There are 2 protein chains.
Amino acid sequence: MEDLSPFIDNINRKTRLSPENMALLTAAFKVVKVKKKQLLIQPGFVAKYRIYVLKGAFHSYVIDDKGNEHTIQFAVEDWWLSDYNSYVHQVPATQFVEALENSTILQIDHQAEQQLKNTNWELATLFRLMAEQTAAYLARRTVSNLTQSAEERYNEFVAKYPQVLQRLPQYALASYLNMTREFLSKIRNAKVRKK
Amino acid sequence: MEDLSPFIDNINRKTRLSPENMALLTAAFKVVKVKKKQLLIQPGFVAKYRIYVLKGAFHSYVIDDKGNEHTIQFAVEDWWLSDYNSYVHQVPATQFVEALENSTILQIDHQAEQQLKNTNWELATLFRLMAEQTAAYLARRTVSNLTQSAEERYNEFVAKYPQVLQRLPQYALASYLNMTREFLSKIRNAKVRKK
DNA sequence: GCAGAACGATGAACTATCTTAAGAAAAATG
DNA sequence: CATTTTTCTTAAGATAGTTCATCGTTCTGC
């Protein structure tokens, strides 16, 4: 049996649920184990799940016309992810969501989420707060993408997510920061020399 | 008296409200006229309002360390905008929201919105759908920022918002597309010559 | 425990985009 | 409608970031 307490804490930080509703919510999420490199979401298929990471690491990415991979989002323990556009509108995904390590997730399917939102005030509020926070996060990210240079984006990431840094392959981080792996390598090395 | 039908249609496209709730909602929004160049939101102040554009045009932007302006978002008739991070979390804004033309807006203040969401199921659902759609939109924008070149971003904008194009100052569009005005000028001109 | 694949580092040549500067056009203002 | 201010264009030189090719290192599956 998995320990769901990180998940429960995560929810409690967003809103206060009655014990019954917390039980309803956790019952709607399924524990799933996935192996490194396994895909949870693939372009062409509708994203069926909203995903919470209990243990492990993921990234979501797209592949552009030239065949280059671009990481859109990371998620490690206690983070959420999906292809939001696909999940919200139930249209075919454009993103891959791939495990970077062997991982354990909680997933809720779209239909179950709709059902909860349509019948339960507290849970509807919870999902609203999640959507608002996702929007606020993406807005901040858009600003940082528009205003910072490659090196500044790297520095910001290091400062914000030092623990995450260790666990990510550099090619994924590079594409998340919107630069080539070679250039990221260069930046990192220039830093080391300075010290 | 202003004609609110575009607003009402906008809401109806998101969800079906009872006449009473539609009345409650429209009562919570105030009609405000603003002059070109007027600021609705300013860095340092908490964004008090969620804004719907009835008539006119706006852009939101930030100013970076070097003093350069970066447009984050546009809005013309029938669009919504705010500094979402500031509005959602009620923290000081980082963005300006400025009128590009003399305009008429509908605005709801954060407290009134909370009140409606806390007491009314249908309206809570409406605001949840709005947050979800905002998140999905920002996710799409993030992808396009990460995967496309300057010229491709311009082409995409032209294809998607041809009518909007005419009404925006080029310097605002350039910074929205994450390039200098000079470079945008070059791209446009290269196109004209090809024809 | 080995072979092949995936990952990261490095350097040289290249290119997309920026910077600066100056003039032309357009719009706002009195 | 003349003047001032703002916006757009053009062009030359500068640079951040890419591409390509190569090599050492570390995973990974069998």
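None of the values given here were measured: they were computed from a predicted structure. Heavy-atom basis, side chains included; hydrogens, waters and symmetry copies ignored.
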Would you please test B:T142 and B:N145 for side-chain hydrogen bond (donor to acceptor under 3.5 Å, both in side chains) and show each step? CA-CA 5 Å; B:T142 300; B:N145 261 330; over 6 Å; no
Is a donor on one side and an acceptor on the other found under 3.5 Å between the side chain of B:S86 and the backbone of B:A47?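 Yes, because the side chain of B:S86 sits within donor-acceptor range (under 3.5 Å) of the backbone of B:A47.
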Give a yes or no answer on whether the side chain of B:E77 reaches the backbone of B:G56 with a donor-acceptor pair at less than 3.5 Å.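 Here the side-chain-to-backbone pair exists.
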Can you tell me the distance, in whole Å, between the [atom1] atom of [X] and the [atom2] atom of [N]?
{"X": "B:L177", "N": "C:dT17", "atom1": "CG", "atom2": "P", "answer": "12 Å"}
{"X": "B:Y171", "N": "C:dC18", "atom1": "OH", "atom2": "P", "answer": "18 Å"}
{"X": "A:L173", "N": "C:dC7", "atom1": "CG", "atom2": "P", "answer": "14 Å"}
{"X": "B:H70", "N": "C:dC18", "atom1": "NE2", "atom2": "C1'", "answer": "12 Å"}
{"X": "A:K37", "N": "C:dA5", "atom1": "NZ", "atom2": "C1'", "answer": "8 Å"}
{"X": "B:L100", "N": "C:dA28", "atom1": "CG", "atom2": "C1'", "answer": "15 Å"}
{"X": "A:E152", "N": "D:dA16", "atom1": "CD", "atom2": "P", "answer": "11 Å"}
{"X": "A:Y154", "N": "D:dG17", "atom1": "OH", "atom2": "P", "answer": "15 Å"}

Can you confirm if the aromatic rings of [Y] and [X] lie within a centre distance of less than 6.0 Å?
{"X": "B:F7", "Y": "B:F29", "result": "yes"}
{"X": "A:F157", "Y": "A:Y176", "result": "yes"}
{"X": "A:F58", "Y": "A:W80", "result": "no"}

List the protein contact pattern of nucleotides 18-30 of chain D with one symbol per nucleotide (5' to 3'): B for base contact, S for sugar-phosphate-only contact, - for none; contact means a heavy-atom distance under 4.0 Å. BBB-------S--
Does CD belonging to A:Q111 count more than 12 external heavy atoms closer than 6.0 Å?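 No.
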Could you pull out the closest heavy-atom pair between B:R50 and B:Y87, with the gap in Å?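 Answer, listing the atom of B:R50 first, then B:Y87: N-CE1, 3.5 Å.
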Is the shortest side-chain N/O distance from B:Q170 to OP1 or OP2 of D:dT6 below 4.0 Å?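 No, no such contact exists.
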Partner of A:E2 under salt bridge (charged side-chain N to carboxylate O under 4.0 Å, His left out), chosen from A:K55, A:K33, A:K30: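 So the option named by the test is A:K33.
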Between D:dT7, C:dT10, D:dG17, spot the one nearest the side chain of A:S185, thanks.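 Looking only at heavy atoms from C-beta outward on A:S185, the closest nucleotide is C:dT10.
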How large an angle, rounded to 10°, do the end axes of the helix from C:dG1-D:dC30 to C:dG30-D:dC1 enclose when each is built from five base pairs?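 End-to-end axis angle for the helix from C:dG1-D:dC30 to C:dG30-D:dC1: 70°, rounded to 10°.
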